Peer 1: 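Before we start, here is the structure in question, set down as structure tokens.
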2 protein chains.
Amino acid sequence: MMKAGNALHHDEAARDECRALGQILDRVGDKWTVMVVGALKDGPVRFTALLRQIGGVSHRMLTLTLRGLEEDGLVKRTSFPTIPPKVTYELSPLGHSLIDPLRTLSQWAVEHRPEVESARRAFRAEQDDEAA
Amino acid sequence: MMKAGNALHHDEAARDECRALGQILDRVGDKWTVMVVGALKDGPVRFTALLRQIGGVSHRMLTLTLRGLEEDGLVKRTSFPTIPPKVTYELSPLGHSLIDPLRTLSQWAVEHRPEVESARRAFRAEQDDEAA
DNA sequence: CGGGATCCACTGGGATACTG
DNA sequence: CAGTATCCCAGTGGATCCCG
């Protein structure tokens, strides 16, 4: 995804901002990543704990999501070679630094949720009209 | 997407933040939406102009993306019943209010891009080791 | 010009079973 | 317990053609 935005254009700085934004949304904009980051906010958590805490995520998707975060250096994985094995995940400093920007966004979401929802209803209403 | 995060859990406020964040990422986290918002930042733009300005987006996906934004009240669509038809799109006040939070995120992305990329390389390196 | 409709390839993501 | 591999389906998004 997101190799978009190639053209010979005027406001190159703004476009670069957009591309950077697009890249980080590619990481964080999927189905589970934000939930995982949220769950790791307060310290290391074991794999199975995450599984239960998040709820609804499949075994497989949790591993994939964690791999993605690990790959980008946002999460640190620590495995204890005990039997049975024990693995914990925690946010790296880089990962922590992402929390504030995300929180800014979620605050917007919380504040404006009513407006968005009423806009959605208004839109649906128009749709129904034209079907008259 | 994103009906996730259902369970009987402790920190209900934090989980609600996550859900709100998830919802707005569902809107904005797709392949083209941020590019469109970026392109509309400075005022009304015509459909075809958007098409060229963004570059790489298909005719169809641009309409779908715009519909989505319109549905959520982030974008206002104005059509002039001329021949040939003319339609412009612009950010609503609500849409404008989203720009700052997004900018916060893109600033993070720009600042930490080097770290993310070196983390990625390090990760790849490990992968290659184990294939030894 | 703007925007539907249709067709199709590709991927995200769930269920499940197997390994160490 | 943590992780991998396989299978399979639903959704996303591109290309194309058609309409006002």
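Here is the naming used below: chain letters follow the sequence lines, and residue numbers restart at 1 for every chain. Everything numeric here is computed off the predicted structure, so don't read it as measured data.
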Peer 1: Just the rounded figure in Å: distance from P of dG3(C) to CG of L62(B).
Peer 2: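 After rounding, the gap between these two atoms is 9 Å.
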Peer 1: Shared ILVMFWY cluster between F123(A) and L94(B), side chains joined below 4.5 angstrom?
Peer 2: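 No.
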Peer 1: What is the separation between atom CG on L66(B) and atom P on dG4(C), rounded to the nearest whole Å?
Peer 2: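 Between P of dG4(C) and CG of L66(B): 11 Å.
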Peer 1: What is the distance, rounded to the nearest whole Å, between atom CZ of R77(A) and atom P of dC1(D)?
Peer 2: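 Rounded to whole Å, this separation is 16 Å.
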Peer 1: F47(B) CZ to dG20(D) C1': how many Å, rounded?
Peer 2: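 Going from CZ in F47(B) over to C1' in dG20(D) covers 15 Å.
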Peer 1: What nucleic acid atoms does Y89(A) come within less than 4.0 Å of, heavy atoms only: base, sugar-phosphate, or nothing?
Peer 2: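 Sugar-phosphate: the residue Y89(A), judged by heavy atoms under 4.0 Å, touches backbone atoms but no base.
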Peer 1: Can you say whether a donor on the side chain of H59(B) sits under 3.5 Å from an acceptor on the base of dG14(D), or the other way round?
Peer 2: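 Side chain to base: no pair below 3.5 Å.
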Peer 1: Which whole-number value in Å describes the distance from M61(A) CE to dG3(D) P?
Peer 2: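 Answer to the nearest Å: 15 Å.
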Peer 1: Could you check how far CE of M35(B) sits from P of dG13(D), rounded to whole Å?
Peer 2: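 So the CE-P distance, M35(B) to dG13(D), works out to 14 Å.
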Peer 1: Linking I/L/V/M/F/W/Y whenever any side-chain heavy atoms sit under 4.5 Å apart, do V45(A) and M61(A) land together?
Peer 2: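 As far as the 4.5 Å side-chain criterion goes, M61(A) and V45(A) are connected within one cluster.
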Peer 1: Is the count of non-hydrogen atoms from other residues, nucleotides or ligands lying under 6.0 Å from K76(A) atom NZ greater than 12?
Peer 2: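 No, NZ of K76(A) has 12 or fewer neighbouring heavy atoms, counting only those of other groups under 6.0 Å.
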Peer 1: Are any of R67(B)'s side-chain N or O atoms less than 4.0 Å away from OP1 or OP2 of dG4(C)?
Peer 2: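 Checking dG4(C) against R67(B), a side-chain N or O does come within under 4.0 Å of OP1 or OP2.
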Peer 1: Just how far, in rounded Å, is C1' of dG3(D) from NZ of K86(A)?
Peer 2: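 Distance check: K86(A) NZ to dG3(D) C1' gives 18 Å.
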Peer 1: dC17(D) phosphate, OP1 or OP2: any side-chain N/O from R60(B) under 4.0 angstrom?
Peer 2: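 So the side chain of R60(B) is outside the cut-off, no N or O lying under 4.0 Å from OP1 or OP2 of dC17(D).
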Peer 1: Of all the choices, dG20(D), dG13(D), dC1(D), which nucleotide is nearest to the side chain of P85(B) once you look at every atom?
Peer 2: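 The closest nucleotide is dG20(D).
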Peer 1: Quick check on DNA chain C: between V57(A) and S79(B), whose nearest nucleotide comes earlier from the 5' end?
Peer 2: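 Its nearest nucleotide lies further toward 5', so the answer is S79(B).
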Peer 1: What's T63(A) touching, base or sugar-phosphate or nothing? Going by heavy atoms closer than 4.0 Å.
Peer 2: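 Answer is base: heavy atoms of T63(A) come under 4.0 Å of a base.
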Peer 1: Nearest-Å distance, CG (L51(A)) to P (dG3(D))?
Peer 2: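 So the CG-P distance, L51(A) to dG3(D), works out to 11 Å.
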Peer 1: Please check: side-chain N/O of T65(B) versus main-chain N/O of W32(B), any donor-acceptor pairing under 3.5 Å?
Peer 2: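 Between the backbone of W32(B) and the side chain of T65(B) there is no qualifying donor-acceptor contact (under 3.5 Å).
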Peer 1: Under 4.0 angstrom, heavy atoms only, what part of the nucleic acid is R46(B) near: base, sugar-phosphate, or nothing?
Peer 2: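 Since only primed, P, OP1 and OP2 atoms lie under 4.0 Å of R46(B), the category is sugar-phosphate.
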Peer 1: Return the nearest nucleotide to the side chain of D30(A); candidates are dC1(C), dG3(D), dG13(C).
Peer 2: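 The closest nucleotide is dG13(C).
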Peer 1: Given 3.5 Å as the limit, does a donor-acceptor pair link the side chain of T33(B) with the main chain of G29(B), or not?
Peer 2: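 Looks like no, no N/O pair under 3.5 Å.
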